[in-house]
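Throughout, a chain's letter reflects where its sequence line sits, starting with A, and its residues are numbered from 1.
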Amino acid sequence: NAGVTQTPKFQVLKTGQSMTLQCAQDMNHEYMSWYRQDPGMGLRLIHYSVGAGITDQGEVPNGYNVSRSTTEDFPLRLLSAAPSQTSVYFCASSYRAVPGTGDEQYFGPGTRLTVT
Amino acid sequence: AQSVTQLDSQVPVFEEAPVELRCNYSSSVSVYLFWYVQYPNQGLQLLLKYLSGSTLVKGINGFEAEFNKSQTSFHLRKPSVHISDTAEYFCAVSEKAAGNKLTFGGGTRVLVKP
C-alpha cells in the first residue's frame, strides 16, 4: 500500500490564484481530512469527510473547498489564494468514520504552500 | 469546545537522558488522547493512544504516556533518548462522541544532543 499520498510537495502561488491540492489513499478508509500546520499552532482542521459524497467544515474552513466523489480521493481547493494561506497542508485518513472507535489517523507527507 | 496545551515549545535533552513532554487538555466530555511524532520534513505518525482501561499506555520506540483524568493530563515520557528521537511531538484529543476530528496542541520540539 502507498498509504496517503499528496501532490504537489511544494507550490508557490501569487495572491488571487487558485489551485487544487491532491490527496489519495489506497487503504479503503472511510474518514479523510485536511489540516494546515503553522508554527506554534499545531495542526488545525480545515475540512473532513466521513464517506463519499459527505463533507463538513472543520475549525478553519474559510477560503477552502473540498469534495469527495470517491472513497480514495479528497482534493482541497484554494479558491483565491491569500498570503495568510501560506502553510504546510496535511491530508489524513482513518479506517472508520463512526464515533466511538478512536481509530488513528494516517498522515500524508504534506504540501508546502507559499502565497506571495 | 476542547483545547490542548503543550507546556513546552522546545525541550533540549542529552542523549541517554530521560525526557518528559507535558500535555494538558480541557474538555467537557469524554475524549480519546493521542501522541504523534513528526520527523523533519515528514508527515505525522502515531506514537501511542489512550482509548480506555489502563492509564499507562506504551507506544513505539520506547515511549509511554500516562492519562490522569483528575489533572486532565497526558504526559509523554521516555527513560533514555537517542539522537534519532529529535523531532516535533504533538498531543491531540478527539471527543468520543464526535468522530475522528482531532484537536492538536502547539507541539514540542525535542532536540537530542550528543
Side-chain angles (χ1 to χ4, degrees), chain A residues 2-7 9-10 21 23-25 29-51 54-61 74 87-112, chain B residues 1-10 21-25 27 29-53 57 59-60 65 67 74 87-109:
Chain A
V4 180
T5 57
Q6 292 183 238
T7 56
K9 284 187 168 44
F10 302 94
L21 280 63
C23 173
Q25 53 90 10
H29 283 180
E30 290 182 343
Y31 183 90
M32 296 186 74
S33 55
W34 277 101
Y35 294 87
R36 59 177 288 173
Q37 182 181 21
D38 301 293
M41 302 185 73
L43 281 77
R44 292 179 292 168
L45 182 64
I46 304 171
H47 285 286
Y48 66 97
S49 168
V50 298
I54 307 170
T55 64
D56 206 346
Q57 296 181 352
E59 181 185 353
V60 288
F74 191 45
S87 188
V88 182
Y89 291 85
F90 288 99
C91 180
S93 71
S94 59
Y95 179 47
R96 293 167 294 184
V98 293
T101 62
D103 287 350
E104 72 171 281
Q105 294 197 29
Y106 294 82
F107 285 80
T111 294
R112 187 174 296 273
Chain B
Q2 62 219 22
S3 65
V4 179
T5 302
Q6 292 183 240
L7 296 162
D8 305 296
S9 59
Q10 293 189 67
L21 308 184
R22 296 178 292 169
C23 172
N24 286 87
Y25 69 94
S27 177
V29 299
S30 295
V31 297
Y32 298 127
L33 295 153
F34 304 82
W35 275 99
Y36 284 86
V37 60
Q38 183 180 33
Y39 298 106
N41 299 314
Q42 294 187 25
L44 282 69
Q45 65 182 79
L46 184 71
L47 273 179
L48 48 80
K49 63 182 179 181
Y50 173 78
L51 302 184
S52 64
V57 181
I60 62 171
F67 170 55
F74 191 53
E88 190 156 20
Y89 295 79
F90 292 95
C91 182
V93 302
S94 67
E95 293 184 2
K96 287 186 178 182
N100 296 345
K101 291 185 287 183
L102 288 172
T103 299
F104 283 86
T108 298
R109 196 173 295 274

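Options A:Lys9, A:Gln37, A:Glu59 differ in how many heavy-atom pairs under 4.5 Å they form with chain B, and the most are formed by A:Gln37. Most heavy-atom pairs under 4.5 Å with chain B, from the set A:Met41, A:Glu104, A:Arg112: that is A:Glu104. Among A:Val98, A:Thr101, A:Leu45, the residue with the largest count of heavy-atom pairs under 4.5 Å with chain B is A:Thr101.
By the 4.5 Å heavy-atom criterion applied to side chains, A:His47 and A:Thr55 are not counted as neighbours. Looking only at side-chain heavy atoms (C-beta outward), A:Gln25 and A:Tyr106 stay at 4.5 Å or farther from each other. Taking 4.5 Å as the limit, every side-chain heavy atom of B:Thr103 sits out of range of all side-chain heavy atoms of B:Val31.
For B:Leu51, the part lying under 4.5 angstrom from a heavy atom of chain A is the side chain only. Only the side chain of B:Lys49 has a heavy atom closer than 4.5 Å to any heavy atom of chain A. Heavy atoms closer than 4.5 Å to chain A are found nowhere in B:Tyr50, neither backbone nor side chain. The part of B:Gln38 that comes within reach of chain A is its side chain, from C-beta onward, which places non-hydrogen atoms under 4.5 angstrom from that chain.
Across all their heavy atoms, B:Ser94 and B:Leu102 have their closest contact at CB-CD2, 4.0 Å.
Within 6.0 Å of OH in B:Tyr32 there are more than 12 heavy atoms belonging to other residues, nucleotides or ligands.
In summary, B:Glu88 and B:Arg109 engage in a salt bridge, as defined by a charged side-chain N under 4.0 Å from a carboxylate O.
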